[in-house]
2 protein chains.
Amino acid sequence: MSDISTNFSERTVEYNKLLEDFKKLLKKNNLKFTIQREVILESLYNSNEHLTPESLHQVLQKKYSELNIGIATVYRTLSLLEDSKMVTSLSFGAQGKKYELGAKNHHDHLICTRCSKITEFVDEQIEARQHKIADELGFKMQDHSMQIYGICKECQEKENK
Amino acid sequence: MSDISTNFSERTVEYNKLLEDFKKLLKKNNLKFTIQREVILESLYNSNEHLTPESLHQVLQKKYSELNIGIATVYRTLSLLEDSKMVTSLSFGAQGKKYELGAKNHHDHLICTRCSKITEFVDEQIEARQHKIADELGFKMQDHSMQIYGICKECQEKENK
DNA sequence: ATGCGTGCAAATAGTTTGCATTCAC
DNA sequence: GTGAATGCAAACTATTTGCACGCAT
């Protein structure tokens with residue numbers, strides 16, 4: 001298969017590393033490196049937003065229309081990536097799951113209940129406490145997620161008009 | 001309507017307060033206090049587990065079979081309770097949403113990725129940091145949720161056999 | 001008496017699966 | 001060449017909605 005990613009203007013050292021990790025992962029499990037899997041990884045990497053399977057599919061339809069990627073492949077690949085910890089899913093509110101690349105450094109989320117905008121943050125103190133709590137309760141911690149819900153600055157301002 | 005809750009052996013001062021809050025809430029919004037709404041609140045209150053709409057419906061079918069409560073009513077009531085912040089939902093993994101009564105004091109969750117068991121905990125330090133973070137980022141905080149995923153003690157022991 | 005709430009069934013949304021074909025290895 | 005991956009459509013599951021009737025106010 002031709003490696004189409006050589007054409008990506010967005011290609012970076014970081015992305016290359018990610019791609020290599022993905023290829024290694026696939027090889028290790030006797031899975032195949034397909035162009036669909038590659039463009040899904042790439043689209044997740046180049047998205048600033050948290051994507052739903054649906055919205056990711058739309059992005060792919062537009063950006064790689066010639067591939068005509070099916071929604072089932074999107075679901076299958078997201079599950080694969082999630083199982084292998086390369087992406088993380090976030091579910092909240094009425095809406096379904098949203099996915100993001102886990103390779104970017106860890107962070108938690110502030111979610112606006114008005115406009116659904118997601119703001120990321122990291123707090124070392126919280127990270128540390130989480131580990132401590134899991135230890136104390138005899139849990140072997142694998143992952144965690146934290147969301148703070150509220151009204152963002154912009155929406156607060158809008159409301160005051 | 002007759003207030004069937006007078007027959008609940010589980011009835012407590014705490015539950016009474018909750019029920020009053022619920023009635024007040026309904027009145028304020030010109031909504032009606034029905035027996036379905038009451039037994040849903042009661043079943044949430046008397047459950048030690050986090051319930052899915054499905055499992056709550058089963059509980060109701062068994063405990064109040066004569067009412068023959070429809071699943072749609074369960075969904076509608078849970079949404080109502082969630083909107084008014086009386087219950088909180090938790091979604092994770094492949095499974096759907098689980099609900100719990102928010103009136104019980106606040107806590108976060110440790111979720112076992114093997115057996116799905118949920119353990120609750122509270123940590124004042126984390127609570128405090130969350131408020132601080134929201135403030136710093138201009139968010140008007142309404143709520144938050146935090147989950148730590150891992151393998152619980154029991155499942156770790158099982159694995160070592 | 002009024003109109004909200006209910007159960008039911010149908011509709012919708014989100015996700016998964018079976019299958020024939022294609023493609024990476 | 002072989003078996004895994006894909007697209008498609010059908011199947012499923014979870015959730016929502018329309019409607020006629022019942023009940024709380």
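Order of the sequence lines sets the chain letters (A, B, ...), proteins ahead of strands, with each chain counted from 1.
- Side-chain polar atoms of H131(B) and E127(B) form no donor-acceptor pair below 3.5 angstrom.
- For dC23(C), neither phosphate oxygen OP1 nor OP2 lies less than 4.0 angstrom from any side-chain nitrogen or oxygen of Q36(A).
- Considering only side-chain N and O atoms, Y75(A) lies under 4.0 angstrom from the phosphate OP1 or OP2 of dT15(C).
- Going from atom NZ of K27(A) over to atom C1' of dA4(D) covers 15 Å, rounded to whole Å.
- In this structure, of dC4(C), dG7(D), dC8(C), it is dG7(D) that holds the atom nearest to the side chain of T73(A).
- Take D21(A) and apply the side chain to side chain donor-acceptor pair (under 3.5 Å) test, not counting sequence neighbours, and it matches K17(A).
- Among the nucleotides dG3(D), dT25(D), dG7(D), the one closest to the side chain of F33(B) is dT25(D).
- Taking E54(A) as the reference, nothing meets the side chain to side chain donor-acceptor pair (under 3.5 Å) condition, with sequence neighbours excluded.
- Side chain of K32(A), nearest nucleotide from dG3(D), dA14(D), dC4(C): dG3(D).
- For H50(B), the side chain to side chain donor-acceptor pair (under 3.5 Å) test picks out E100(B), H109(B), with sequence neighbours left out.
- Heavy-atom distances to DNA chain D give each of P53(B) and T77(A) a nearest nucleotide, and the one nearer the 5′ end belongs to T77(A).
- Under 4.0 angstrom from either OP1 or OP2 of dC23(C) there lies no side-chain N or O belonging to T34(A).
- Per the geometry, CZ belonging to F22(A) stands 14 Å off P belonging to dA24(C), to the nearest Å.
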N/O to N/O distances under 3.5 Å, protein versus nucleotides 17-22 of chain C:
none

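- Atom NZ of K28(B) and atom P of dC4(C) are 18 Å apart (whole Å).
- OP1 or OP2 of dC8(D) has at least one side-chain nitrogen or oxygen of N68(A) nearer than 4.0 Å.
- H57(B) has its NE2 atom 13 Å from the P atom of dT15(D), to the nearest Å.
- When the side chain to side chain donor-acceptor pair (under 3.5 Å) test is applied to S55(A), the partners found at least two apart in sequence or on another chain are T52(A).
- Salt bridge K153(B)/E157(B): absent, no basic N to carboxylate O contact under 4.0 Å.
- If you measure from atom CD1 of I40(B) to atom C1' of dG5(C), you get 11 Å, rounded to the nearest angstrom.
- At whole-Å resolution of the value, CD1 in I69(B) and P in dT6(C) are 9 Å apart.
- In this structure, CG of L78(A) is placed 15 Å from P of dA5(D), rounded to the nearest angstrom.
- Sequence order on DNA chain C of the closest nucleotides to I71(A) and G70(B) puts G70(B) first from the 5' end.
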Please report, to 0.1 Å, the donor-acceptor pairs under 3.5 Å made by any side chain of residues 69-84 of chain A, with sequence neighbours excluded.
from   : atom 1 : to     : atom 2 : distance (Å)
T77(A) : OG1    : T73(A) : O      : 2.8
S79(A) : OG     : Y75(A) : O      : 3.0
E82(A) : OE2    : S89(A) : OG     : 2.6
S84(A) : OG     : L80(A) : O      : 3.0
S84(A) : OG     : L81(A) : O      : 3.3

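- If you measure from atom CG of L67(B) to atom C1' of dC8(C), you get 16 Å, rounded to the nearest angstrom.
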